[in-house]
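Sequence lines set the chain letters: A, B, ... in the order given, protein chains first and strands last, and positions in each chain run from 1. A quick note: this is a predicted structure, and the numbers were derived from the prediction, not measured.
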Amino acid sequence: MSVYTPEQRQRIVAHVDMDCFYVSVERLLNPKLNGIPVAVGGSPDGRGVVASCSYEARKFGVRSAMPMAKALQLCPKLTIVSGSFSRYSEFSRKVHETLCSFSPLVQMASQDEAYIDLTGTERLWGAPLSAAQMMREAVLKATQLPCSLGIATNKLVAKVASSLCKPAALLYIPPGSEASFFRRLPVDHLPGVGVKSARTLREIGVETLGDLASFDTKRLAHHFGDQAENLQARARGENNSPIVNDVPARQVSAETTFDRDSVDRDFLFSVLSGLAEKVASRMRRDDCRASTIVVKYRYNNFETHTASMTLSEPTDDEGTLLDTARALFSSRWNNRPIRLLGVAGTNLVFERRQLDILAIPAEERKEKLHKAVDALRGKHGYGIVKRGSSAID
DNA sequence: TCTGGGGTCCTAGGACCC
DNA sequence: TCTGGGGTCCTAGGACCC
């Protein structure tokens, strides 16, 4: 018996990737940045790293995630921009809107990346390549920002295609040519294979995705466990993960690395307070509450730990967040110098906040206070209203 | 040159329940 | 008195991505 299911239809998937997104936005805001080496990120004096860099900077070996001090050494004429992250979100929304006019199925994978399901849109937009060309032009028209596009029969192959054709280009991988397209690529081109997995693979003689696809599965499982088969399927360009609108967040977090390591308990506690405020405020904005509170701390030798606790009821109250985070941190901290602290809420529950008619007046007051505080912060930034116990400035 | 901040997903052990 | 197997939740760590 053969049953038709939508999954069995030949899919057409596009992956849009904005070209050095942060730098491109900064160049729109300040055209003097055009044509010169630019990096967006933290200060080279402190512990900043490169978040995004222009192709002119890449010529000197500058890469994202590189310490800014090193980037400046490699490229002394580098112009460093600290980054206007709320502006990036605005442009990301514009990109999303534009893409939504091409398909009802658009999934933002990050601020500067999206998957679009074009299956069944041929009558509207024509063949895959012409649809892609129209999308690229539409994004450029709406945002003045360049992007690259990969088009294939699934998300995996589309993503690899867009990464290989940047900047400002298109690459179409026709149905049936996925495996041959992947075969000669180095293993670290496969999304999910990072530094560690690539090293492990190299050690067993696997250099290319073709090598990986034909490697003995049992021997591979020795290093990658249950993931071995999946890894090999992906190495052949096989992937059936769906494109999903409005994927709910799994976590809300805030963290900060200090300019100098600290052993000052009062300072560390006040930092936790600021982080808890930030996380609670964002949860309330997004109408979610967290069942599990996580505190993250990193020692000066980069040793990183997390400690978490699941509450009996989900919360978006910064007092509860703060008390939990402080208790978790102080029960584990061994007084060695700390370089990073973070607070997160996970196990999120999404729910329109409607006050229970039976809610006691005190709860109601707290609710109104929170909303008012959030509104003020929305207008003037987090610094405008602080809890009595939060003393960072 | 020591390594940001926001996330996602996976694994593995132990508790606990049926 | 000893011994099951399966499922789910919690916790901690790690790899990876933009």
Side-chain angles (χ1 to χ4, degrees), chain A residues 15-23 39-53 61-75 80 82-83 85-86 88-89 92 107-114 155-156 159-160 162-163 166 187-201 223-228 230-231 234 241 244 247-259 261 275 278-279 282 291-312 328 332 339-348:
Chain A
H15 180 256
V16 170
D17 201 327
M18 306 303 293
D19 298 331
C20 35
F21 183 53
Y22 295 169
V23 169
V40 174
S43 157
D45 306 326
R47 290 168 160 172
V49 301
V50 176
S52 172
C53 58
V62 176
R63 294 288 179 273
S64 60
M66 175 182 280
M68 196 61 88
K70 185 187 179 186
L72 202 52
Q73 276 194 341
L74 291 172
C75 178
I80 296 165
S82 65
F85 291 88
S86 58
Y88 305 152
S89 300
S92 183
Q107 179 177 0
M108 292 302 286
S110 71
Q111 274 195 317
D112 72 332
E113 258 182 82
K155 290 166 86 174
L156 208 218
K159 182 174 168 63
V160 174
S162 72
S163 75
K166 343 189 97 263
V187 283
D188 62 359
H189 280 46
L190 192 69
V193 174
V195 181
K196 304 264 177 175
S197 304
R199 191 193 306 149
T200 303
L201 288 168
H223 296 91
F224 294 92
D226 294 343
Q227 289 304 304
N230 185 246
L231 198 56
R234 291 163 50 82
S241 68
V244 189
V247 183
R250 308 295 302 260
Q251 168 186 320
V252 177
S253 71
E255 64 182 53
T256 185
T257 296
F258 314 133
D259 290 337
D261 304 335
L275 295 169
K278 213 167 168 177
V279 170
R282 291 210 322 243
S291 300
T292 304
I293 311 302
V294 187
V295 67
K296 172 174 168 182
Y297 52 102
R298 177 172 288 159
Y299 289 115
N300 55 346
N301 65 352
F302 228 71
E303 179 187 315
T304 307
H305 299 273
T306 60
S308 65
M309 183 148 110
T310 298
L311 310 171
S312 54
L328 284 167
R332 285 161 173 84
R339 65 142 42 213
L340 168 148
L341 280 179
V343 172
T346 69
N347 261 325
L348 299 181

With a 4.0 Å cutoff (strictly under), does any side-chain N or O of [X] reach OP1 or OP2 of [N]?
| X | N | result |
| --- | --- | --- |
| A:Ser253 | B:dG6 | no |
| A:Gln111 | C:dC18 | no |
| A:Arg339 | B:dG4 | yes |
| A:His305 | C:dG13 | yes |
| A:Gln227 | B:dT11 | yes |
| A:Thr310 | C:dC9 | no |
| A:Lys159 | C:dC18 | yes |
| A:Arg63 | C:dC18 | no |
| A:Arg298 | B:dT3 | no |
| A:Thr257 | B:dG5 | yes |

Determine the contact category for [X]: base if any of its heavy atoms lies under 4.0 Å from a base atom, sugar-phosphate if only primed atoms, P, OP1 or OP2 are that close, otherwise nothing.
| X | result |
| --- | --- |
| A:Gly42 | nothing |
| A:Thr256 | sugar-phosphate |
| A:Gly48 | nothing |
| A:Val50 | nothing |
| A:Ser197 | sugar-phosphate |

Item to check | Donor-acceptor contact present, side-chain A:Arg234 to main-chain A:Pro191, <3.5 Å | outcome: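 Side chain of A:Arg234 to backbone of A:Pro191, a donor-acceptor pair under 3.5 Å: yes, one is there.
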I need the [X] [atom1] to [Y] [atom2] distance, nearest 0.5 Å.
| X | Y | atom1 | atom2 | answer |
| --- | --- | --- | --- | --- |
| A:His15 | A:Glu113 | NE2 | CD | 3.5 Å |
| A:His305 | A:Lys296 | NE2 | NZ | 12.5 Å |
| A:Arg339 | A:Asn300 | CZ | CG | 8.5 Å |

Which one, [options], comes nearest to the side chain of [X]?
| X | options | value |
| --- | --- | --- |
| A:Thr292 | C:dC18, C:dT11, B:dT3 | C:dT11 |
| A:Ala254 | B:dG6, C:dC18, B:dT1 | B:dG6 |
| A:Thr306 | C:dC17, C:dG13, C:dC16 | C:dG13 |
| A:Arg47 | B:dT3, B:dT11, C:dC17 | B:dT3 |
| A:Glu255 | B:dC10, B:dG5, C:dA12 | B:dG5 |
| A:Lys196 | C:dA12, B:dT3, C:dC16 | C:dC16 |

Checklist entry - With centres under 5.5 Å and planes under 30° as the test, does A:Phe302 stack with B:dT3? => result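 Yes, A:Phe302 stacks on the base of B:dT3, since the ring centres sit under 5.5 Å apart and the planes are within 30°.
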Checklist entry - Would you call the rings of A:Tyr22 and A:Phe85 parallel, tilted or perpendicular, where under 30° means parallel and over 60° means perpendicular? => result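 A:Tyr22 and A:Phe85: perpendicular rings.
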Item to check | A:Arg250 or A:Lys70, whichever maps to the more 5' nucleotide of DNA chain B | outcome: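 Nearest-nucleotide comparison on DNA chain B picks A:Lys70.
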Checklist entry - Which residue, A:Phe258 or A:Ala249, contacts DNA chain B at a nucleotide closer to its 5' end, judged by nearest heavy atom? => result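 First, find each residue's nearest nucleotide; the 5'-ward one identifies A:Phe258.
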Item to check | Whether over 12 other heavy atoms sit under 6.0 Å from A:Asp259 CG | outcome: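 Not buried by this count: 12 neighbours or fewer within 6.0 Å.
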Item to check | Other residues, nucleotides, ligands: >12 heavy atoms within 6.0 Å of A:Asn301 CG | outcome: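 Result for CG/A:Asn301: enclosed.
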What is the distance, rounded to the nearest whole Å, between atom [atom1] of [X] and atom [atom2] of [N]?
| X | N | atom1 | atom2 | result |
| --- | --- | --- | --- | --- |
| A:Phe21 | B:dG6 | CZ | P | 17 Å |
| A:Lys296 | B:dT8 | NZ | P | 13 Å |
| A:Leu231 | B:dC9 | CG | P | 18 Å |
| A:Leu74 | B:dT1 | CG | P | 8 Å |
| A:Asp226 | C:dA15 | CG | P | 18 Å |
| A:Met108 | B:dG7 | CE | C1' | 14 Å |
| A:Met68 | B:dT3 | CE | C1' | 13 Å |
| A:His223 | B:dT11 | NE2 | P | 17 Å |

Next on the checklist: Applying side chain to side chain donor-acceptor pair (under 3.5 Å) to A:Thr200 and A:His223, what does each step give before you reach the verdict?
Outcome noted: CA-CA 8 Å; A:Thr200 303; A:His223 296 91; over 6 Å; no
Checklist entry - What does B:dG5 pair with, Watson-Crick or G-U, if both distances are under 3.5 Å? => result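 With both distances under 3.5 Å, B:dG5 matches C:dC18.
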Checklist entry - How far does the C1' atom of B:dG4 sit from the matching atom of C:dC16, given to the nearest Å? => result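 So the two C1' atoms sit 16 Å from each other.
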